[in-house]
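Note that the structure is a prediction, hence the values are computed from the model and not measured.
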Amino acid sequence: MVSAGDFKNGLTIEYEGNIYQIIEFQHVKPGKGAAFVRAKLKNIKSGGAIEKSFRPSEKFENAHIERKEMQYLYTDGELFHFMDPETFDQIALDPDTIGDSLKFVKENMNVTLVSHNGTVFQVEAPLHVELLVTECEPGEKGNTAQGATKPCTVETGANVYVPLFVNQGDTLKIDTRTGEYLSRV
């Protein structure tokens with residue numbers, strides 16, 4: 001149990017049946033009335049943020065978030081299969097849990113599964129991945145003042161905008177958070 005008076009940035013709590021992470025908080029002591037804590041909370045499962053005020057004595061349950069490194073094995077069309085590299089235990093997750101997180105992840109890559117009370121609610125891809133360009137139009141020279149880009153498809157099927165000098169068969173380094181091209185490898 002943690003009280004609102006003991007909030008710290010990054011702390012995860014259970015509130016109104018959801019799991020929230022405290023993004024920022026402020027202790028407020030108005031001239032009239034009792035002191036209170038104003039906090040900005042981020043819903044870990046949905047990603048939405050809310051602002052709430054609490055009495056400093058209000059108590060909340062700590063939410064223990066577990067992060068586990070797992071290997072992405074394959075998808076059979078309905079489920080995505082992962083394996084624990086230490087125990088070789090396998091689990092399968094549905095597309096609703098996965099969302100867009102495996103857009104830049106190839107089979108046999110390691111990802112992080114984020115869970116609460118044994119229920120996985122998020123899959124985190126590595127920050128940077130190296131993928132092969134499978135489809136790319138040739139770049140047109142000239143008529144480019146600065147930073148011209150063209151669309152390319154990488155081996156996972158995702159589309160990335162790249163500079164004109166990138167060709168089919170190149171290997172690219174991509175930031176999985178933004179989907180942006182970083183460099184050729």
TODO: Over 60° means perpendicular and under 30° means parallel, so classify the ring planes of F7 and F25, tilted if in between.
DONE: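 The rings of F25 and F7 stand perpendicular, inter-plane angle above 60°.
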Task: Centroid-centroid distance, F60 to Y20, less than 6.0 Å - done: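 Centroid separation for F60 and Y20: 6.0 Å or greater.
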- [ ] State whether the number of non-hydrogen atoms from other residues, nucleotides or ligands found under 6.0 Å of Q90 atom CD is greater than 12.
- [x]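 Yes, because the 6.0 Å sphere around CD of Q90 holds more than 12 heavy atoms from other groups.
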Open item on the list: For the NZ atom on K150, are there more than 12 heavy atoms of other groups (residues, nucleotides or ligands in this structure) within a distance under 6.0 Å?
Closed with: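 Buried by this count: over 12 neighbours within 6.0 Å.
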- [ ] Give the intermediate values and the outcome of side-chain contact (heavy atoms from CB on, under 4.5 Å) for residues I98 and F82.
- [x] CA-CA 11 Å; I98 302 296; F82 300 88; 3.8 Å; yes
Which distance, rounded to the nearest 0.5 Å, do you find between the [atom1] of [X] and the [atom2] of [Y]?
{"X": "S183", "Y": "K173", "atom1": "OG", "atom2": "NZ", "value": "5.5 Å"}
{"X": "R67", "Y": "Q122", "atom1": "CZ", "atom2": "CD", "value": "7.0 Å"}
{"X": "L182", "Y": "L127", "atom1": "CG", "atom2": "CG", "value": "10.5 Å"}
{"X": "N18", "Y": "H116", "atom1": "CG", "atom2": "NE2", "value": "10.0 Å"}
{"X": "I65", "Y": "I44", "atom1": "CD1", "atom2": "CD1", "value": "4.5 Å"}
{"X": "E86", "Y": "K68", "atom1": "CD", "atom2": "NZ", "value": "5.0 Å"}

Task: Evaluation steps, side-chain contact (heavy atoms from CB on, under 4.5 Å), between N62 and L11 - done: CA-CA 8 Å; N62 272 358; L11 182 73; 4.2 Å; yes
Could you tell me whether the side chain of [Y] reaches within less than 4.5 Å of the side chain of [X], counting heavy atoms only?
{"X": "V123", "Y": "F80", "answer": "no"}
{"X": "V133", "Y": "T171", "answer": "no"}
{"X": "V28", "Y": "P30", "answer": "yes"}
{"X": "F54", "Y": "S3", "answer": "no"}
{"X": "I91", "Y": "L113", "answer": "yes"}

For the side chain of [X] and the backbone of [Y], is there at least one donor-acceptor N/O pair under 3.5 Å apart?
{"X": "E155", "Y": "L132", "result": "yes"}
{"X": "Q168", "Y": "T134", "result": "yes"}
{"X": "T75", "Y": "L79", "result": "yes"}
{"X": "K40", "Y": "E24", "result": "no"}
{"X": "T176", "Y": "P126", "result": "yes"}
{"X": "S101", "Y": "A125", "result": "no"}
{"X": "T156", "Y": "V105", "result": "no"}

Taking all non-hydrogen atoms of both residues, which atom of [X] and which atom of [Y] are closest, and how far apart?
{"X": "Q71", "Y": "P85", "value": "N-CD, 4.4 Å"}
{"X": "L172", "Y": "V185", "value": "C-CG2, 4.1 Å"}
{"X": "Y181", "Y": "R184", "value": "OH-N, 3.4 Å"}
{"X": "P151", "Y": "C136", "value": "O-SG, 4.3 Å"}
{"X": "V160", "Y": "G179", "value": "CG1-O, 3.8 Å"}
{"X": "Y72", "Y": "L102", "value": "CE1-CD1, 3.9 Å"}

Open item on the list: Are I23 and Y15 connected into the same hydrophobic cluster when the rule is that any two of I, L, V, M, F, W, Y join if their side-chain heavy atoms are below 4.5 Å apart?
Closed with: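 Each belongs to a different hydrophobic cluster.
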TODO: Not counting sequence neighbours, which residues clear side-chain contact (heavy atoms from CB on, under 4.5 Å) with E135? List them please.
DONE: T153
Open item on the list: Checking one residue: Y74. Which other hydrophobic residues are in its cluster under the side-chain 4.5 Å linking rule?
Closed with: L73, M83, F88
Task: Intermediate values then yes/no, side-chain contact (heavy atoms from CB on, under 4.5 Å), V114 and V120 - done: CA-CA 6 Å; V114 185; V120 176; over 6 Å; no
- [ ] Please test F165 against D170 for side-chain contact (heavy atoms from CB on, under 4.5 Å), starting from the C-alpha separation and ending with a verdict.
- [x] CA-CA 10 Å; F165 59 79; D170 288 349; 5.9 Å; no
